[in-house]
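So the structure is just underneath, and the comments pick up after that.
Below, chain A is the first sequence line, B the second, and so on; all start at residue 1.
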There are 2 protein chains.
Amino acid sequence: MSTPGPTDSTTREQVLAVALELFTVQGYDGTSLRQIAERLGFTKAALYYHFPAKDSLVIELTRPWLDAVSNLIALSHAGDGGVAERDRLLADYLDVFISHHAVLRFLNQDAGAHKHPDVGKRAQALVEALRQALTGPDADAAARVRVACALGVIHAVAGLDPAALPEARDTVLEAACTVLHGSPPAG
Amino acid sequence: MSTPGPTDSTTREQVLAVALELFTVQGYDGTSLRQIAERLGFTKAALYYHFPAKDSLVIELTRPWLDAVSNLIALSHAGDGGVAERDRLLADYLDVFISHHAVLRFLNQDAGAHKHPDVGKRAQALVEALRQALTGPDADAAARVRVACALGVIHAVAGLDPAALPEARDTVLEAACTVLHGSPPAG
DNA sequence: GTCTATAGGCAGATAGAC
DNA sequence: GTCTATCTGCCTATAGAC
């Protein structure tokens with residue numbers, strides 16, 4: 001079974017890595033295919049052998065995270081919506097955020113990517129679903145604000161040093177849960 | 001004294017308002033001068049009567065907030081750096097964030113604008129200065145993470161409904177201070 | 001799998017009429 | 001203060017050689 005499979009194309013992964021790096025610094029709209037190709041040492045036309053269009057780069061880069069969050073929310077629908085359940089959802093979202101840190105550093109602050117229907121719109125819908133899952137049935141205005149703040153705490157890890165993330169994880173989770181309902185993580 | 005002054009040019013303000021609206025949705029790089037002009041009912045060339053270049057739009061839009069934060073930090077340097085002082089800084093930063101909400105909704109998630117030396121770089125330096133002012137002298141790794149989380153709470157108000165901001169303000173401040181040092185706002 | 005060459009379009013910006 | 005017309009350059013994307 002030495003079959004290569006569809007995901008071990010080294011060049012393809014190099015393209016995605018360089019694209020992510022440039023997208024993160026310059027934004028999606030601010031990065032040209034010529035820049036990506038130059039960084040890799042070949043020409044812009046060669047990119048079109050690996051990817052059919054520019055937006056397929058951002059689609060491929062973000063799909064793993066989008067799928068992970070999608071699964072997260074689907075699973076949470078099975079529960080009762082109690083505090084322990086919401087804390088678990090928050091923790092799972094944080095862990096997904098950490099393990100996809102590089103992509104989120106880009107996605108979190110790129111209005112250009114948010115325009116894309118298969119990326120920005122889907123991400124928007126998922127975060128909205130998450131927001132609703134975290135908002136208890138007895139939520140007043142202040143509680144809804146606290147949900148937004150708790151998500152803000154999670155999103156803040158996009159700005160942290162990746163090397164510090166494993167150590168920071170529990171501190172962030174405690175902060176998020178405390179913001180959400182005034183007490184440390186349950187469960 | 002019926003002198004008009006330099007700031008009552010209606011057309012100029014309309015241009016800035018439309019630019020901010022489009023920048024917020026599409027990003028700076030994703031918005032063309034043609035789009036801005038079309039929305040206003042005149043041509044792209046007319047914009048150049050009011051503004052010398054595209055980037056002057058983003059400079060004018062963001063300068064008020066940048067100046068406000070700059071003042072904030074300058075004032076905080078006079079204090080002793082105690083907890084009450086840090087809470088006051090957090091509150092002041094939140095209030096500036098709220099009163100410049102529209103600009104921050106844009107600036108907070110636009111990598112294109114962050115590239116600009118007079119905007120993104122300056123904003124980066126200011127937030128870094130704020131981060132340092134909020135980090136106490138006896139700060140360990142966890143404390144530094146909590147500073148980042150507290151700022152994340154403030155930044156989350158960029159995603160809130162503007163109409164809800166006055167009511168949300170105290171809830172957000174309490175969340176930010178609790179994240180920072182485990183207790184409600186001092187002072 | 002990468003290349004050269006090029007099509008076709010739209011960007012930011014300028015000149016000068018009105 | 002706004003217009004038309006135009007310049008220059010870079011963009012995405014394609015065609016076809018190697």
Distance check, rounded to the nearest 0.5 Å: A/Thr10 atom OG1 versus A/Gln14 atom CD? 6.5 Å
Rounded to whole Å, how long is the line connecting atom CZ of B/Phe51 with atom P of C/dA13? 13 Å
Calculate the interatomic distance between B/Leu47 atom CG and D/dC3 atom C1'; express it in whole Å. 13 Å
From OH of A/Tyr48 across to P of C/dT6 the rounded distance in Å is 18 Å
Heavy atoms from other residues, nucleotides or ligands near CD of B/Glu38 exceed 12 (cutoff 6.0 Å): yes
Counting heavy atoms from C-beta on, name the nucleotide in C/dT4, C/dG12, D/dA13 closest to the side chain of A/Ala45. C/dT4
Find the distance A/Asp29:CG to D/dC11:P and express it as a whole number of Å. 12 Å
Would you mind checking if B/Asp92 and B/Arg88 are paired as a salt bridge, meaning a charged N to carboxylate O distance below 4.0 Å? yes
Do A/Tyr93 and A/His155 pair up side chain to side chain, a donor and an acceptor below 3.5 Å, judged on atom types alone? yes
Do B/Arg169 and B/Asp95 sit within salt-bridge range, that is, some charged N less than 4.0 Å from a carboxylate O? yes
Sorted by number, residues from residues 33-42 of chain A placing a heavy atom under 4.0 Å from DNA chain D are A/Leu33, A/Arg34
Indicate whether the side chain of B/Gln132 and that of B/Glu128 have a donor and an acceptor atom separated by less than 3.5 Å. yes
Rounded to whole Å, how long is the line connecting atom NZ of B/Lys54 with atom P of C/dC10? 15 Å
Establish, with yes or no, whether the OP1 or OP2 oxygen of C/dT2 is under 4.0 angstrom from a side-chain nitrogen or oxygen of A/Tyr49. no
With a 4.0 Å cutoff (strictly under), does any side-chain N or O of A/Ser32 reach OP1 or OP2 of D/dC11? yes
Rounded to the nearest Å, what distance is computed from the NZ atom of residue A/Lys44 to the C1' atom of nucleotide D/dT12? 7 Å
Touch check for B/Thr43, heavy atoms < 4.0 angstrom, all strands: base, sugar-phosphate only, or nothing? base
